[in-house]
Number of protein chains: 2
Amino acid sequence: MLSKKAQYAFRALSTLVRRDLARRNEQNAPDASASDTPTSISDMVQIHPMSTKFLETILLDLKRGGILGSKKGKGGGYYLLKHPEDTPLAQVIRILDGPIAPLPCVSLHFYERCHDCNEAMCGLNRLMAEVRDANLAVLEQRTLSDLAVHPEGAAA
Amino acid sequence: MLSKKAQYAFRALSTLVRRDLARRNEQNAPDASASDTPTSISDMVQIHPMSTKFLETILLDLKRGGILGSKKGKGGGYYLLKHPEDTPLAQVIRILDGPIAPLPCVSLHFYERCHDCNEAMCGLNRLMAEVRDANLAVLEQRTLSDLAVHPEGAAA
DNA sequence: TTTAATTCCTACCTATCCGATGGGAAAAAG
DNA sequence: CTTTTTCCCATCGGATAGGTAGGAATTAAA
């Protein structure tokens, strides 16, 4: 299960993505950087109600994780460092929740040897590696841009 | 990530499965019940070292979950209620770790409405439902019998 | 140059859960 | 009636999740 941290992260990110797309449409500049139109924490909380302080720590994590940039002081806030399509959901989850794999011994980014278990002979390893791959097939393919897409018929 | 409980459960189950298969081969009776040859906790712990008391609670869970049967008293122990192929890994995980879905609002067996979020409009729901399906494609297909299969070249 | 708005940093707090243990009751076999 | 087992209940220490508090540093604007 995703932690609250990751859930809140996705909500906040969806706001940033929507603003990012809107801005590119207005300016008719699909490659413009988002760094000059940051979004403040209080703005994000107003759109998706949650604890301001808690969101603060989450956004800091996303910044350290290389997904967001920030601007301090009045008029400051956070902005996407890359195009939404260039940040897979897997990256967000790894930053906030750690490993995606169901076992440390089949994790690609957080591998840890499992004691009391010969990996070559362990039937579970192979199966959980399958699960990991099934997960990554979705989470590495889907990106932040997919967060902003709503099913047909829904208003923005 | 799987809990220790689930990991230990799989280890214990793998011994039960191996014994089950061996027994069917010996008796040349592929449909024989396993209820007359139970395996005690101490036997399981000897094969896969772990806390006896902890394994006890796990096996009790598996029993309540409908996967194992038990026999009390001298010569007693636990046994598989069904053919290994008839118990998907998903069932084991649900008993010990709860939901497989990454969000309560996309869980099939443990659904909970998510407040502060219109499910029809939430971009995350749809994506996490994809992740859930990818997981289940493996976990509902793979069964206990797959636990006993080792990669070629490995000794038992 | 002051004020207001913001990110940034460190520390803390509380409740829950995970992993594990202990003591014994109940059943079954010999 | 003794031994071996499952079964049940209570507890426990440590870690983690989720959230809070207070203030320093930075920036824009009045």
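Remember, predicted model here, so these are calculated numbers, not experimental data. Lettering follows sequence order; numbering is per chain, from 1.
Residue contacts for B/I41: at a heavy-atom cut-off of 4.0 Å it reaches the sugar-phosphate backbone alone, with no base atom in range.
With values rounded to the nearest 0.5 angstrom, B/L144 atom CG is found 9.0 Å from B/L16 atom CG.
Between B/E85 and B/R24 there is no salt bridge, since no side-chain N of the basic residue sits under 4.0 Å from a carboxylate O of the acidic one. With salt bridges taken as basic N to acidic carboxylate O contacts below 4.0 Å, one links B/K53 and B/E56. In summary, B/D43 and B/R19 engage in a salt bridge, as defined by a charged side-chain N under 4.0 Å from a carboxylate O.
A/Q141 CD: 12 or fewer foreign heavy atoms inside a 6.0 Å radius.
When distances are taken from the side chain of A/L60 to each of C/dA28, C/dA20, C/dC8, the shortest belongs to C/dC8. Listed nucleotides D/dG19, D/dT26, C/dA27 differ in distance to A/S51; the shortest reach to its side chain belongs to D/dG19. In the set D/dG18, D/dT6, C/dA5, the nucleotide with an atom closest to the side chain of A/S3 is D/dG18. Out of D/dA28, C/dT7, D/dC8, the shortest distance to the side chain of B/E56 is found at D/dC8. Comparing C/dA27, D/dT27, D/dG18 against the side chain of A/F54 picks out D/dG18 as the nearest. Considering only the side chain of A/K74, C/dA5 comes nearest among C/dA5, D/dT4, C/dC8.
Applying the 3.5 Å distance criterion, the base of D/dG22 shares a donor-acceptor pair with the side chain of A/K53.
Look at B/S70 and you'll find a side-chain N or O under 4.0 angstrom from OP1 or OP2 of D/dC7. Contact annotation: B/S40 does not reach the phosphate of D/dT4 (side-chain N/O to OP1 or OP2, under 4.0 Å). Within the structure, every side-chain polar atom (N or O) of A/Y79 is placed at least 4.0 Å from both OP1 and OP2 of C/dT7. Note on A/K63: a side-chain N or O is less than 4.0 Å away from OP1 or OP2 of C/dC8. Between A/Y8 and D/dG19 there is a side-chain polar atom (N or O) within less than 4.0 angstrom of OP1 or OP2. Distances shorter than 4.0 Å separate none of the side-chain N or O atoms of B/S42 from OP1 or OP2 on D/dT4. Considering only side-chain N and O atoms, B/R64 lies nowhere under 4.0 angstrom from the phosphate OP1 or OP2 of D/dT6.
Here the C1' atom of nucleotide D/dG14 and the NZ atom of B/K4 are 15 Å apart, to the nearest Å. For A/L2 and D/dT16, the CG to P distance is 19 Å, given to the nearest whole Å. We find that CD of A/Q7 is positioned 12 Å from C1' of D/dG18, with the value rounded to whole Å. One can place CG of A/L59 at 9 Å from P of C/dC8, the figure rounded to the nearest angstrom. Atom NZ in A/K71 sits roughly 8 Å away from atom P in D/dA29 (whole-Å rounding). B/D61 has its CG atom 14 Å from the P atom of C/dA20, to the nearest Å. Between the NZ atom of B/K5 and the P atom of C/dC17 there is a distance of 12 Å, given to the nearest Å. Straight-line distance from the NZ atom of B/K72 to the P atom of C/dA25: 14 Å, rounded to whole Å.
Where B/G75 and A/T57 meet DNA chain D, the nucleotide closest to each residue was compared, and B/G75 sits on the side nearer the 5' end.
For the 3.5 Å distance criterion, the side chains of A/R11 and A/T15 fail to qualify, holding no donor opposite an acceptor.
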